[in-house]
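Okay, so here's the structure we're looking at.
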Amino acid sequence: MSKQYDHQEIERRWQHLWREANIYQAKEEKDKPKAYVLDMFPYPSGEGLHVGHPKGYIATDVFSRMKRMQGHSVLHPMGWDAFGLPAENYAIKNKVHPRVAVEKNVARFKEQLEGIGFDYDWSREINTTDPEFYRWTQWIFLKLFERGLAYESHEPINWCPSCQTGLSNEDLDDGKCERCGSEVEQRPMRQWVLKITDYADRLLEDLSLLPKWQEHIKESQKNWIGRSEGAEIDFPILDGEEKVTVFTTRPDTLFGTTYMVLAPEHPLVQVLGRRIKNTAEVSAYLDKTRKKTEMERQENKEKTGCVLEGVFVVNPANEQALPVYIADYVLAHYGTGAIMAVPAHDERDYAFAQKFNLPIIPVIEPILTQTVEPGAYRADMPLQDGNSIIVAIKHWSDEKYLGLKWKKVAWGTLLTGSIDSGMTAEETLSKEIREETGFTHFNIVEDLGSVHSKFFHVPKQVNKFAHSRVFVVQLKDGTQEPVSAEEEAKHELHWLTLDEMQEFLTAASHRYLLSVLKGERLYVGAGLLARSGAFTGIDSEEAKRAITEKVAGRMAKTYRLKDWVFSRQRYWGEPIPVVHCPTCGVVPVPEEQLPVVLPEVEHYEPTGTGESPLAAIESWVNTVCPHCGVAAKRETNTMPQWAGSSWYYLRYADPKNMNDLVGRSSEAYWMGKQGVDLYVGGAEHATRHLIYARFWHKFLFDIGVVTTPEPFERLISVGLIMAEDGRKMSKRFGNVINPDDIVATYGADTLRVYEMFMGPFTDAIAWNTDNMIGSRRFLERVWRLQERLGTVNHESVERELHRTIKKVGGDILEFKFNTAISQMMIFLNLAEKEGIDNEQYARFVQLLAPFAPHMAAEIWHKLGNAKSVHVSEWPTCDEKKLVASVVTLGVQVDGKVRATIELAPDAPEAVARERAVSAVAKWLEGKEVARFLYVPSRIVSFVLKR
RNA sequence: GCCGGAGUGGCGUAAUGGUAGCCGCGCACGACUCAAAAUCGUGUCUCGUAAGGGGUGAGGGUUCAAGUCCCUCCUCCGGCACCA
């Protein structure tokens, strides 16, 4: 009789044995395929782990354990990301040195992780704050500097007044400091910046090399990089030497430019100083915008601005002089900080033009495509061009328009008609109104230009590209002549208000006209050019390049992504390895002098002066120039938290190498052709860590350190575990569940199985201790099965076991752990019912081993195996054994399942039909079968004649 | 506003276009027990006594057959957003 399942004893013992036997050590075995399985290494905070943290680690653990059993050489390492603000702020608050705090927190994290039974190779443990590690972080910086990719800048940057340091754009959350929530200020200061924008195109385009990344992560990165393609166009200043360059994505609308706007910070505003006549007004506006924070500018979208009196620019397309405004809806740090305003085709310019009473000149005639039936445009059919008119006929006294309801097709339209050759639009209009409506007294009150529409003309059965002149006509009175019978048969007439029209009109082009009738003169889509000189009539897409060339502009790209502000005015980070020499300027520290070790200090609180606390340590700051030998000062800024994590995964491949960041052969072995095989972590890193790491990796690729274009072949983000109350787990809410308590009470194996069984891995799901007990019960039943092992190998059990082998193996690869466990439960249910022999049990325990490694090790051992289950060979599935001798399938009559029958999986159709007919005889009685379908092992279906 | 993802029992969820609700939780009843817990068994979408009907966010469509494919719309989650 086996003992009761004592998880504490079993787990403690096996964790000890694993450590002793060193079974998880990663080895470069050339004859085996490698599997580099990586977790995003944790930031060891003072709070310790909660049950949400290990979820991703458990998943990689399950994955790596299976890979090992399947004969892979596995690298599954762990380490600590321990530089940066959180650790430093924690240290300041608790009045301990950051180094001491980090040591303590790491010890605590490691103890917690060890209790969960992970297969980490601790001999490869790394820590970003270890000088032997960060010498290479500094080395990468030197290489970046050498290539001109690290530079000093004095531009205004985000400054957090509470953390007292500059921050990168990536460190902001909604315009606030991501760490402490303080409103950030723009502050000019000396800083180090990395030229990530040089890599923007590759970072964007190489996303296509990552088919195994989740779509939403790639989308986030695309949005973050925010490339937009357009043109730069120069506008000379009237009677001046200067010119203003604008960036626009719509050079095709150049002829519609009616004014220009400069960002208030645009340098030209100062340059033009003397020529501006309304100086007082302008400086008042500049003052006002300067006081607004970035947040206020974003929140308050009401347009403000101020004209620069006496300053005009010349539109290079048509030589027209245009007024120049400054307005804060134009941002200094995007594009060129200046825009050509085309109010007819840009929402913001439109709003500004309305407010400041500026002209609106439409130069794009919309092309509208009918997408819904009836009359949806058929992309596969030839298009027939035609000229026509569309007329909105206004009632002589009511605020109503005439709608035509078509009789042969479900269309609601305004009055339309083709323009026959030799006729003008106006003549056609008169003719059509008389013929189709009978009204005789009317005036044309407005000419709304043209629209172009692609649709399928149902009555005529042709795919049309209609070019329509659009008019508004008002009837003088209701005088009406009779309409011909032929016309009468086509449609009926309805007087409708604009709101009723909204419901009534079915044609896309007519619905668009409704907004025009309501006074909206804004169109932002594509179309054909109008009022554009030689370009009139061509397609807007085509016109972009043509117009840009004509005015000697340049096709250009702009990015939302900014260069990476890389210096922090704080103590706890990697010192930036350069020296400031009075004669040589900025001199990099020679490689052989690395690492530049962070000195011990008494006071490491931030100074707030834009200098880091390092500046106060004279013995450290004062040095000699490596170049000329005169007295010089060290750089006192440190690197941001994200530095170490941008390359750490490479160090695991060769953590003890004293000569290189990573040795060539180790890099080649572990990174292989596609990099890290599997990378798992939080989705919150989509736009920071994962962009930075890809950037550094590409740089290291360029200088020959790594051989893969991308670092991570497959990326999966963990779904959060919420607290039982559905909120985020947080000390603040007092709803944190500590894994130590779960491990002590229910066992690490239960925690592991439950976290994998909760639901789909990438979904956010609330913790539920009741549900977890189901996982504990499952393990207890597996445990008790030891006592009930028989000698008979049942066919049904064997078949289910093979199914389970297949399902578990496949599901682990696809990260569908919940269904893998579900299948093991199904197998267990059957095994308990039918009975199971030793050998079947052993194979089942192997499948369980990645999920519940301690219990599996114990049972495997008790079954008499000397070698650990975790280095045993993964069971194989025999496809032939998956097939059952009979299958149950449903019998449908007219789509409804009326009975089920049992059949051999390969039963011939005649047999199936005979069996099915008798099963559903009741439903077939007196009916004739129109169609019979039989899909073996799936369905039998009768379709009755009616 | 643009882009991405998702809506299924009381709950977490499952379903290569082929018997919707597998597996688990909870609940009900039963067995064991003096009793309870634990364990085991049976049941558990919904209306209906039943036969049968309805049912996967809403409405349409394709199909012999739709949770799954297509169209329109609603709701929720995530990214970007005065980005020219």
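So that the names make sense, note that chain A is the first sequence line, chain B the second, and so on, each numbered from 1. All values derive from a computational prediction rather than experimental measurement.
- In a base pair of the Watson-Crick type (N1 to N3 plus N6-O4 or O6-N4) or a G-U wobble (N1-O2 and O6-N3), with each distance short of 3.5 Å, B/U33 is matched with no nucleotide.
- Here B/G9 is in the syn range [glycosidic angle within 90° of 0].
- Contact annotation for A/Arg227: no contact, since no heavy-atom pair falls under 4.0 Å across all strands.
- Annotation: A/Phe352 is not in aromatic contact with A/Tyr350 [ring centroid separation under 6.0 Å not met].
- Within the nucleic acid shown, A/Thr336 has no heavy atom closer than 4.0 Å to any nucleic acid atom.
- For the OP1/OP2 pair of B/C22 and a distance below 4.0 Å, the side-chain nitrogens and oxygens of A/Asn818 include no atom meeting the criterion.
- Taking a cutoff of 4.0 Å between a charged side-chain nitrogen and a carboxylate oxygen, A/Glu229 and A/Lys557 do not qualify as a salt bridge.
- The partner of B/U8 is absent, by the rule that a Watson-Crick or G-U pair needs both atom distances under 3.5 Å.
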Base, backbone or nothing for each nucleotide of nucleotides 65-80 of chain B, written B, S, -, heavy atoms under 4.0 angstrom, 5' to 3'?
-------S------BS
Side-chain donor-acceptor contacts of residues 684-691 of chain A below 3.5 Å, not counting sequence neighbours, with atom names and distances?
unit_1: A/Arg688; atom_1: NE; unit_2: A/Glu170; atom_2: O; d: 3.4
unit_1: A/Arg688; atom_1: NH1; unit_2: A/Asp171; atom_2: OD1; d: 3.4
unit_1: A/Arg688; atom_1: NH1; unit_2: A/Glu178; atom_2: OE1; d: 3.3
unit_1: A/Arg688; atom_1: NH2; unit_2: A/Glu178; atom_2: OE2; d: 3.2
unit_1: A/His689; atom_1: ND1; unit_2: A/Ser645; atom_2: O; d: 3.4
unit_1: A/His689; atom_1: NE2; unit_2: A/Tyr679; atom_2: OH; d: 2.7

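- Residue A/Arg781 is classed as a sugar-phosphate contact, given heavy-atom separations below 4.0 Å to backbone atoms only.
- Taking a pair to require two hydrogen-bonding distances under 3.5 Å in either a Watson-Crick or a G-U wobble arrangement, B/G43 pairs with B/C27.
- Checked against B/C82, B/U19, B/U39, the side chain of A/Arg784 finds its nearest nucleotide in B/U39.
- Proximity note for A/Tyr334 (side chain, C-beta onward) versus B/A84, B/G12, B/G18: the nearest is B/A84.
- Taking atom CE on A/Met340 and atom P on B/C82, their separation rounds to 20 Å, with Å as the unit.
- Sparse packing is recorded around CD of A/Glu347, with 12 or fewer heavy atoms of other residues, nucleotides or ligands lying under 6.0 Å away.
- Straight-line distance from the CG atom of A/Asp811 to the P atom of B/U13: 17 Å, rounded to whole Å.
- Atom CD1 in A/Ile821 sits roughly 13 Å away from atom C1' in B/G12 (whole-Å rounding).
- Ring-centre distance between A/Tyr754 and A/Trp767: below the 6.0 Å cut-off.
- Picking from B/G24, B/C64, B/G26 the nucleotide with the shortest atom distance to the side chain of A/Asp770 gives B/G26.
- Look at B/A58: its Watson-Crick or wobble partner, with both distances under 3.5 angstrom, is B/U72.
- Within the nucleic acid shown, A/Lys562 has no heavy atom closer than 4.0 Å to any nucleic acid atom.
- Note: CG (A/Asp346) to C1' (B/G1) measures 13 Å, nearest angstrom.
- Across B/U13, B/G24, B/G18, the shortest atom-to-atom separation from the side chain of A/Val935 is found for B/G18.
- Residues A/Phe844 and A/Phe827 bring their aromatic ring centres within 6.0 Å.
- A ring-centre distance under 6.0 Å is not found for A/Tyr334 and A/Tyr559.
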